[in-house]
2 protein chains.
Amino acid sequence: MKRSGRWGGEGDKRASTVVTMADVARSAGVSTMTVSNVINGRPRVGAATRERVLAAISDLGYQVNLAARHLRAGRTGVIGLAVPELERPYFAQLAGRLADRFETHGLRIVMERTGASREGELDAVAFSRLRMYDGLILSVVDIDPAELTQIRTDAPVVMIGERALPSRFDHVMMDNVDGARQATAHLLATGARRVAILGGNPDITASMPSLRAEGYAVAHREAGVPVDPELVVRCSFRLQDGSDAIRSLLDRGIGFDAVFALTDVVAIGALRALADAGLRIPDDVQVVGFDDIDEASYLVPSLSSVNPGHEEMADTITSLLIAQINGGPTGDPKELIVPAQLVQRGTTRPAG
Amino acid sequence: MKRSGRWGGEGDKRASTVVTMADVARSAGVSTMTVSNVINGRPRVGAATRERVLAAISDLGYQVNLAARHLRAGRTGVIGLAVPELERPYFAQLAGRLADRFETHGLRIVMERTGASREGELDAVAFSRLRMYDGLILSVVDIDPAELTQIRTDAPVVMIGERALPSRFDHVMMDNVDGARQATAHLLATGARRVAILGGNPDITASMPSLRAEGYAVAHREAGVPVDPELVVRCSFRLQDGSDAIRSLLDRGIGFDAVFALTDVVAIGALRALADAGLRIPDDVQVVGFDDIDEASYLVPSLSSVNPGHEEMADTITSLLIAQINGGPTGDPKELIVPAQLVQRGTTRPAG
DNA sequence: GTGAAAGCGCTAACAA
DNA sequence: TTGTTAGCGCTTTCAC
């Protein structure tokens, strides 16, 4: 043993030393190179030697040090997925889809959170434990568009989630504007005249809330229905925010006959408050969410929602990143918009 | 520049070289040590030198290589959280809580999935990209108890989720048996006589399903109500499994007046199928879940569920792991059971 | 089929 | 205040 491990006490019942390849080599009476060859299943190793090495490995409880391996290899086999919050169902479900796909390429997804803050996001890419990852999938919500252009990195990056930003990065977006337009148009087409819109802050240019609010406005324009600013409720994206938003409208006596929630989570919160107020869904108030999370179709009544193109989104992200990893840039950074599709369920009335 | 980078084409509009500390040192006319000192904000560096180094860094777009740093330091500052599936709300929400806590210790949580398979779990700990992490929080569901004892690692590990397993690892559990007992007892106390139990496979010894099934049996025994094996439905833990389970009972004409779902997700799936069948909740059928995920109190009707002690669980995991990281083992491996508590909501009738 | 040497990029320890 | 040396644990290259 070269040195005592982290818990180096003698008589420690747990493992107590850090075993290196050199230890194994010594114990097996071979060179580290041979140990390396055995571990990596490389061909030209004698059967007897291999046996001895394997015995020594299991004897000493050797484990490769991946930090060293990565330093040498220049790659880690892991893809980072940096999202605002780990607990948002949309991202959790996206992570699952991506993990399935990258697994087939021999890569593992690890998920971390940015806290939806500029600092957290920059941290994920620029100030860069980036070389920990062979690639990064970053959900940008707070980084300034201008800053994006400054970021310097060699590593493969795919951005997701926000609107078209002229940037040097591959970028996959959902069609926020059109999805919101579809949702709102359906509400208006089925008789709603006062559609409340809940979540986020639509005043931040290029943000998801502003894009979805734009689709909301477009639908109103197309239907010739005016938008009442009182129906725009700014709030965050947790369950409670949806409930609070509805309660705030009711308390202030602001009438509405439909709700467009910027995310399904907000919609679920809203449904709770509507039920508490004794309002019937969809007879008194229709509700549409956005994201089409798995839960949407299981709620009672089931939640109408905008499917942002889950499968296509995951496919696109995967192939862009894999292309970067394998081939380098194949021309200009790509910017792709995945079409969204309203899914009508029980919280809305059927179209005319 | 030492060598062309991963995408080394000339005229590439993106960054095209990997810049090392040595490059910066050369460009600034100092040694790598000085660069290192500047980057790490160490004190004894002349102001002028610092300026020159910083200029060179921003000039060349230098970024530290963390693989190298970690190799040197022997630590990474990251804590791995390995869970069966990234999209299960219970784990997503646990991850958020843990991330909050570890952040205050200057550590980041990254989340990866094991696929609930023995292989994935062993991969996370034994076959060891373990030294990628300063510590690992592992949700064990498929590893054989005996295997657990074989695992050799120096790294701090805290196991979560399953029952008491004699092992060399710190281990934090929810009180599966008592939580399930509380849930079932409440159903029986409020008039239910045929309680269906949905999810998992209770035949696997020491598994979460078997423990919760045990609590279910205990409550029946205490109430003097016999258990009908037909009411035990084995299924996985997705939304659809909950719906399918209910449909299967109804199709087979097996009567029941209450449902204990092994997880809230299964409960949500069950509620959907019950609604489809025109059954009223809780009048015709009462429902209780387990996990008390955030969504539970927002459903309509709100879902009664067993809170497995979320905050205490997160606190306990954090302090055990931090203790291991800082101090090594402070005696024998700890095994802690966090008390569970039934939360009564709208899917059950009030007690007494 | 096996090994020796060199070095991935960084930093602790010591020297100047 | 700054630089030199050495080496973290591994793998590539090339010699034997």
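Everything numeric in this text was worked out from a predicted model, so none of it was measured. Chain letters run A, B, ... following the sequence lines, proteins first and then strands; every chain starts at 1.
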Enumerate the residues from residues 38-56 of chain B whose closest heavy atom to DNA chain C is under 4.0 Å, giving them by residue number; use none for an empty result.
B:N40, B:R42

Distance criterion of 3.5 Å, no angle test: do you see the side chain of A:R72 paired donor-to-acceptor with the base of D:dG9?
no

Judged by atom type as modelled, is there a donor-acceptor pair below 3.5 Å linking the side chain of [X] to the main-chain atoms of [Y]?
X      : Y      : value
B:T34  : B:V30  : no
A:S319 : A:D315 : yes
A:D23  : A:V19  : no
B:Q324 : B:V157 : yes
A:N40  : A:R42  : no
B:D170 : B:V158 : no
B:R113 : B:V83  : no

More 5' along DNA chain D: B:A68 or B:N37, using each one's nearest nucleotide?
B:N37

From [options], pick the nucleotide closest to the side chain of [X]?
X     : options               : answer
B:R69 : D:dC8, D:dC10, C:dC10 : C:dC10
A:V30 : C:dT11, D:dC10, C:dG3 : C:dG3
A:Y62 : D:dG9, C:dC10, D:dC10 : D:dC10
B:M33 : C:dC10, C:dA12, C:dG3 : C:dA12
B:T34 : C:dC10, D:dT2, C:dG9  : D:dT2

Has A:S36 got a side-chain N or O lying under 4.0 Å from the OP1 or OP2 atom of D:dC10?
no

With a 4.0 Å limit, can you tell me whether A:T32 has a side-chain N or O closer than that to the phosphate oxygens OP1/OP2 of C:dG3?
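No, A:T32 has no side-chain N/O under 4.0 Å of OP1/OP2 on C:dG3.
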
Find the distance [X]:[atom1] to [N]:[atom2] and express it as a whole number of Å.
X     : N      : atom1 : atom2 : value
A:L60 : D:dG9  : CG    : P     : 14 Å
A:H70 : C:dC10 : NE2   : P     : 17 Å
A:R75 : D:dC10 : CZ    : P     : 18 Å
A:M21 : C:dG3  : CE    : C1'   : 14 Å

